[in-house]
Amino acid sequence: MPLRPGLEGVPVTQSSICDIDGNQGSLKYRGYPITELASNSSFLETTFLLIWGELPSKQELSDFEREVQMHRRLSFRVRDMLKCFPESGHPMDALQSSAAALGLFYSRRAIDDPKYIYNAVIRLVAKIPTMVAAFQLIRKGQDPIQPRDDLPYSSNFLYMLTEQEPDPLSAKVFDRCLILHAEHSLNASTFSARVTASTLTDPYAVVASAVGTLAGPLHGGANEDVIAMLEEIGTPHKAGEYLDNAIKNKQKIMGFGHREYRVKDPRASILQNFGEELFARFGKDEMYEVAKSLEEEAIDRLGPKGIYPNVDFYSGLIYRKLGIPRDLFTPVFAISRVAGWLAHWREQLGANRIFRPSQIYTGMKTRTWTALEERPNNKDE
Ligand code: ACO
């Protein structure tokens, strides 16, 4: 079999979770178009759908919301652990470590017990936002604040982060951003989650490995770089020149391109609309004008290669309007994507075979051992 770098186009599993048509720009979770979910659903309802395969009944949804709400708090030991991390560390590293640490607190490897699976889902969905917000306050020298039981999931996260109850529009837009980022088939972090899951380890290790994979700038980390790029461009009329230079120097335009899409990522279009709602209400962001100009200028230059804005292109602009610091953009992505990772964890366990791909060996053939004293002293040569 020929080598396919990056496994492009190579199926490695069957899945009924997410369906992408990259030529049409369509994305569905469990058969429901993303446009419908982003207009009508909530993040927790979408999480339920992704993980259990069906939309919840009224009762199931309220039970799920209540259970998540009851498990939002962190053990004081997890909080103390977060306090020991260096303030200068990246919040994704703090999140990866603390997600893995949860495995120390909750009994391991009962992964054939449906109750254990349900509880692990609840804990991870409930506690990841609290860990992200707690590290943010701790690194500013403050004590984390407790979740507020009267606030729904997304409002509570923004409250724990900013110490202010968000207005309804901000909470709604944030919740919908979480829906948009919740799942995207076999992206790098989800593949990582499935590989880890296939060893039958615990779900906290599964999520920790996925968080580490999401952190890279070619994956979830791109939206941080988009803002840096827009700031470097500075004004809309410099977008064309920036693109020409980047293309000449073979530099990637951050927030553009996707292995799956040959057209604009449908999530980018929805996010752009949410951004416009926020800018109309809370004031415009100059960088949005730069982004629009970059997208327009890129049509002729990158469009013929099927390179268009991806989900990361507009999300950072929204997050900063919501008061989320730049290096929390990727942890926020993780808060959402945990839904997809857990859906894939369950699916992997349902028909598991450990991942163990093959390789094409390019190293030396058999060599003869040379004793240490007989080896040439490279340093003196
Ligand atoms: N800017 C300019 N050119 C690009 C870009 C881009 N953003 N993306 C791809 N290309 C070009 C490549 O230079 C290459 O051109 P060539 O064939 O002439 O050499 C061609 O398109 C194919 O590029 P690959 O890197 O091979 O495409 P791949 O499918 O491996 O990569 C990826 C996809 C990693 C997303 C890529 O488009 C990229 O690096 N984008 C920028 C980073 C980014 O925005 N990442 C977030 C993706 S969404 C997410 O993970 C949540």
Side-chain angles (χ1 to χ4, degrees), residues 3-12 18 20 22-23 25 27 29 34 38 92 177-193 210-230 232-233 239-272 287 290-291 293-319 326 328-341 344:
L3 176 68
R4 302 292 293 268
L7 292 179
E8 181 168 4
V10 180
V12 294
C18 173
I20 299 170
N23 293 319
L27 167 62
Y29 297 167
I34 192 66
M92 277 302 268
C177 288
L178 295 184
I179 295 175
L180 292 176
H181 288 83
E183 161 60 9
H184 210 237
S185 79
L186 272 198
N187 54 84
S189 59
T190 303
F191 183 43
S192 175
V211 170
T213 311
L214 183 69
L218 293 186
H219 192 8
N223 56 7
E224 281 187 44
D225 295 338
V226 169
I227 300 291
M229 174 184 71
L230 296 176
E232 189 190 330
I233 298 171
E241 187 189 323
Y242 178 89
L243 274 171
D244 288 335
N245 279 332
I247 293 168
K248 196 172 86 199
N249 297 323
K250 298 209 170 304
Q251 253 173 31
K252 292 267 176 77
I253 313 299
M254 299 317 276
F256 274 74
H258 201 285
R259 179 72 62 81
E260 291 291 319
Y261 294 112
R262 291 291 156 260
V263 296
K264 185 170 175 179
D265 184 329
R267 301 166 299 173
S269 306
I270 302 172
L271 284 167
Q272 191 172 0
M287 291 306 115
V290 179
S293 167
L294 193 69
E295 180 179 351
E296 224 174 275
E297 296 283 350
I299 292 174
D300 289 341
R301 293 166 169 93
L302 297 174
K305 284 172 101 177
I307 298 166
Y308 290 94
N310 61 46
V311 69
D312 280 331
F313 192 58
Y314 288 110
S315 60
L317 289 170
I318 293 181
Y319 293 153
R326 195 183 297 178
L328 288 194
F329 294 173
T330 319
V332 162
F333 195 153
I335 289 175
S336 159
R337 187 54 62 85
V338 73
W341 295 330
H344 282 269

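We number each residue from 1, following the sequence as shown. Counting starts at 1 for both ligands and their atoms, in listed order. Just so it is clear, the structure is predicted and the values come from calculations on it, not from any experiment.
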Nearest-neighbour protein heavy atom for atom 1 (N) of ligand 1, which is reported as residue plus atom name and distance: Ile253 N, 2.8 Å

pair Met229-Leu294: side-chain heavy atoms closer than 4.5 Å: yes

Qualifying residue for side chain to side chain contact (heavy atoms under 4.5 Å, CB included) with Asn310, from Asp265, Val226, Asn223: Asp265

Heavy-atom nearest neighbour in the protein, as seen from atom 35 (C) of ligand 1, with distance rounded to 0.1 Å: Gly257 O, 3.6 Å

Check: Ser189 main-chain N/O paired with His219 side-chain donor or acceptor under 3.5 Å: yes

Under-4.0 Å heavy-atom contact between protein and atom 37 (O) of ligand 1: yes

Val311, any N or O under 3.5 Å of ligand 1 N or O: no

Atom 24 (P) of ligand 1 [closest protein heavy-atom partner, distance rounded to 0.1 Å]: Lys252 NZ, 4.2 Å

Side-chain donor or acceptor of Glu295 paired with backbone N/O of Glu297 under 3.5 Å: no

Residue Gly255 vicinity, atoms of ligand 1 by number, heavy atom under 4.0 Å: 43 (C), 44 (O)

Protein residue, atom and distance nearest to atom 10 (N) of ligand 1, heavy-atom basis: Ile307 CD1, 3.2 Å

Taking atom 47 (C) of ligand 1 as the reference point, the nearest protein heavy atom with its distance: Asn310 ND2, 3.5 Å

Asp312 N/O to ligand 1 N/O under 3.5 Å: no

Protein non-hydrogen atom below 4.0 angstrom of atom 15 (O) of ligand 1 present: yes

Step-by-step side-chain contact (heavy atoms from CB on, under 4.5 Å) determination, Ile34 to Tyr29: CA-CA 7 Å; Ile34 192 66; Tyr29 297 167; 3.5 Å; yes

Taking atom 28 (P) of ligand 1 as the reference point, the nearest protein heavy atom with its distance: Arg259 NE, 3.6 Å

N/O separation below 3.5 Å, Leu218 to ligand 1: yes

Any donor-acceptor N/O pair, Arg337 side chain to Leu214 backbone, under 3.5 Å: no

Atom pair CZ (Arg326) and CG (Asp225), whose distance is rounded to the nearest 0.5 Å: 9.0 Å

Distance-only donor-acceptor hits, side chain of residues 246-253, under 3.5 Å, sequence neighbours excluded:
{"unit_1": "Asn249", "atom_1": "ND2", "unit_2": "Asn245", "atom_2": "O", "d": "3.1"}

His181/Phe329 aromatic ring centres below 6.0 Å: no

Atom 8 (N) of ligand 1: any protein heavy atom closer than 4.0 Å: yes

For atom 42 (C) of ligand 1, the protein heavy atom that lies nearest, with its residue and separation: Met254 CE, 3.6 Å

Protein heavy atom under 4.0 Å of atom 32 (C) of ligand 1: no

From CA spacing to verdict: side-chain contact (heavy atoms from CB on, under 4.5 Å), Thr190, His184: CA-CA 8 Å; Thr190 303; His184 210 237; over 6 Å; no

Option of least heavy-atom distance to atom 48 (S) of ligand 1 (set: Arg267, Lys305, His258): His258

Candidate pair Ile227 and Met287, rule side-chain contact (heavy atoms from CB on, under 4.5 Å), full reasoning: CA-CA 8 Å; Ile227 300 291; Met287 291 306 115; 5.8 Å; no

Shortest reach to atom 41 (C) of ligand 1 by a heavy atom, considering only Phe256, Tyr261, Phe313: Phe256

Derivation and outcome, side-chain contact (heavy atoms from CB on, under 4.5 Å), residues Leu27 and Glu260: CA-CA 10 Å; Leu27 167 62; Glu260 291 291 319; over 6 Å; no

Ligand 1 atoms in contact with Phe333 (distance to a heavy atom under 4.0 Å): 51 (C)

Closest approach of any protein heavy atom to atom 43 (C) of ligand 1, naming residue and atom: Ala222 CB, 3.5 Å

